[in-house]
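Notes follow the structure.
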Amino acid sequence: MAKVLLFGRLADQAGWRQREVDASDLATLRASLADTDPALGEALVAAGVQVAVDKTIVRGDIALTAATEVAFLPPMSGG
Amino acid sequence: MAKVLLFGRLADQAGWRQREVDASDLATLRASLADTDPALGEALVAAGVQVAVDKTIVRGDIALTAATEVAFLPPMSGG
Amino acid sequence: MIITLTDQPFEPGALVTAFCADRQETGAVATFVGLARAEKGAATALELEAYPGFTDSAITTIAQAAVARFALQDVHIVHRVGRIAPGEAIVFVATAAAHRREAFEACDHLMDYLKSRAPFWKKEHGPDGPRWIEPTARDRTDAQRWDQET
Amino acid sequence: MIITLTDQPFEPGALVTAFCADRQETGAVATFVGLARAEKGAATALELEAYPGFTDSAITTIAQAAVARFALQDVHIVHRVGRIAPGEAIVFVATAAAHRREAFEACDHLMDYLKSRAPFWKKEHGPDGPRWIEPTARDRTDAQRWDQET
């Protein structure tokens with residue numbers, strides 16, 4: 001079970017911020033989320049949305065272990 | 001009598017900061033100061049030294065009235 | 001170097017006092033305070049979200065790079081998270097250097113980074129409900145100024 | 001706008017607290033503090049001389065121009081005169097604007113002016129006696145950056 005975290009407008013859109021999802025790789029995890037909520041599935045692949053696996057930004061697919069944390073990060077704005 | 005003020009290294013060099021000098025124009029005042037202290041006379045015309053008459057920077061010669069304040073300002077550095 | 005995320009209001013002046021204290025070889029301290037604007041009533045509050053463990057680590061990395069790049073003697077960054085009322089400080093950056101150019105440029109650089117690239121998400125609450133704020137075109141080009149230099 | 005020349009030590013943090021207070025539409029406060037350096041013992045004190053009535057009026061003129069040029073909401077400048085010990089503040093500049101670029105640029109601009117063009121004369125006291133400090137080549141080119149723009 002990977003721990004999935006949503007931030008910013010993604011969390012508002014999905015209506016949740018944290019959820020356990022069973023997936024052996026990132027592509028499977030994305031498919032599982034899109035299956036439950038197709039609009040979220042699209043939002044997660046939109047331009048400007050980054051993915052951090054165990055607090056490191058990744059690009060493309062990546063294997064996930066049981067203890068993995070997967071965070072979806074919309075465009076950032078601080079200050 | 002014009003009130004002459006020296007600032008910064010000019011005051012150190014001359015050994016005074018303020019003096020009354022009788023002169024009807026700036027050129028006469030410069031000549032009078034140079035007469036008493038030739039090294040100061042040269043320092044007052046060196047590059048980077050500005051003159052303020054009644055707290056306004058002037059260039060070239062200018063008439064002086066009795067109540068005039070003439071300040072010689074070496075290169076400035078604050079902060 | 002101090003990097004702090006806090007959900008409590010903070011007082012920038014007190015941070016400046018501490019940051020300037022006991023410096024014998026620092027000629028220049030540049031600071032920046034970002035405040036929440038009321039936007040003439042259009043903004044009743046800001047809400048800042050961070051990713052704990054990720055956001056602070058990302059800011060620490062950029063601050064360490066700025067120390068090396070601008071020969072800084074010290075850096076202090078404080079960033080609010082949670083709900084922020086108009087007039088309250090959102091972000092504080094202070095840089096200490098021997099000379100002013102380095103202190104100014106580092107402070108400017110760190111703010112550009114925090115505005116457009118640091119992992120925060122910012123929501124503005126107003127009379128018409130909340131809206132997410134994303135970096136402006138100017139925020140992006142400001143941050144790119146530092147990429148173009150070597 | 002406040003412009004102050006003082007022969008007493010001042011505490012920059014307290015000025016920042018006052019400057020940031022009760023601002024509803026200010027997004028950005030940039031500040032700069034110039035501190036006297038010990039130069040590893042080579043400088044035991046700085047001595048700053050001003051021309052009362054001329055120096056404060058010259059700074060007021062440049063500050064008013066900066067307010068117009070950078071759309072500032074407020075400016076506070078404090079400059080020490082007299083004898084200043086290492087670690088003490090020499091100069092404080094704070095600028096308030098809606099957005100950060102204007103606040104930063106105005107603060108940077110005012111410091112460049114104060115360093116190379118404001119009517120102050122600066123003497124450094126050290127073990128080898130006093131010496132007058134005049135603007136460095138870098139101070140002059142820094143100040144010229146603002147002349148080239150329109």
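Residue numbering restarts at 1 for every chain, and letters A, B, ... go by the order of the sequence lines.
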**Spacing of CE belonging to D:Met111 relative to CG belonging to D:Asp139, to within rounding of 0.5 Å** = 9.0 Å
**Prompt:** Do the non-hydrogen side-chain atoms of D:Thr60 and D:Gln64 ever get within less than 4.5 Å of each other?
**Reply:** yes
**Asked** Quick one: what part of C:Ala28 sits under 4.5 Å from any heavy atom of chain D, side chain, backbone, both or neither?
**Response** both
**Request:** Examine whether an atom of C:Ala36 lies under 4.5 Å from a heavy atom of chain D, and if so say whether it belongs to the side chain, the backbone or both; otherwise answer neither.
**Result:** backbone
**Message:** Counting heavy-atom pairs under 4.5 Å with chain C, which one of D:Lys40, D:Glu39, D:Arg101, D:Glu88 comes out on top?
**Reply:** D:Arg101
**Message:** For C:Phe32 together with C:Phe92, are the ring centres under 6.0 Å from each other?
**Reply:** no
**Request:** Please work out which of the three classes, parallel, tilted or perpendicular, describes the rings of C:Phe120 and C:His79, given edges at 30° and 60°.
**Result:** parallel
**Asked** For chain C, which of D:Val16, D:Val93, D:Val29, D:Asp142 has the most heavy-atom pairs under 4.5 Å?
**Response** D:Val29
**Complete:** The interface call for D:Asp112 against chain C, heavy-atom contacts under 4.5 Å, is both
**Asked** Heavy-atom distance under 4.5 Å to chain C: side chain of D:Ala30, backbone, both or neither?
**Response** both
**chain D interface, residue from C:Cys20, C:Ala103, C:Pro12, C:Cys107 that has the most non-hydrogen pairs under 4.5 Å** = C:Cys107
**Asked** Among D:Gln24, D:Arg100, D:Arg23, who wins on heavy-atom pairs under 4.5 Å with chain C?
**Response** D:Arg100
**Request:** Please report the C-alpha distance between C:His76 and C:Val78 in whole Å, then the side-chain angles of each, then the deciding distance to 0.1 Å, and finally whether the side-chain contact (heavy atoms from CB on, under 4.5 Å) criterion is met.
**Result:** CA-CA 7 Å; C:His76 191 176; C:Val78 178; 3.4 Å; yes
**Message:** Please determine whether a side-chain nitrogen of the Lys or Arg among D:Arg37 and C:Glu25 lies less than 4.0 Å from a carboxylate oxygen of the Asp or Glu.
**Reply:** no
**Request:** Under 4.5 Å heavy-atom distance to chain D, tell me which part of C:Glu11 shows up: side chain, backbone, both or neither.
**Result:** side chain
**Request:** Under 4.5 Å, counting heavy-atom pairs only, tell me which of C:Pro86, C:Ala38, C:Ala14 racks up the most with chain D.
**Result:** C:Ala38
**Flag side-chain contact, heavy atom, 4.5 Å: D:His109 against D:Arg69** = yes
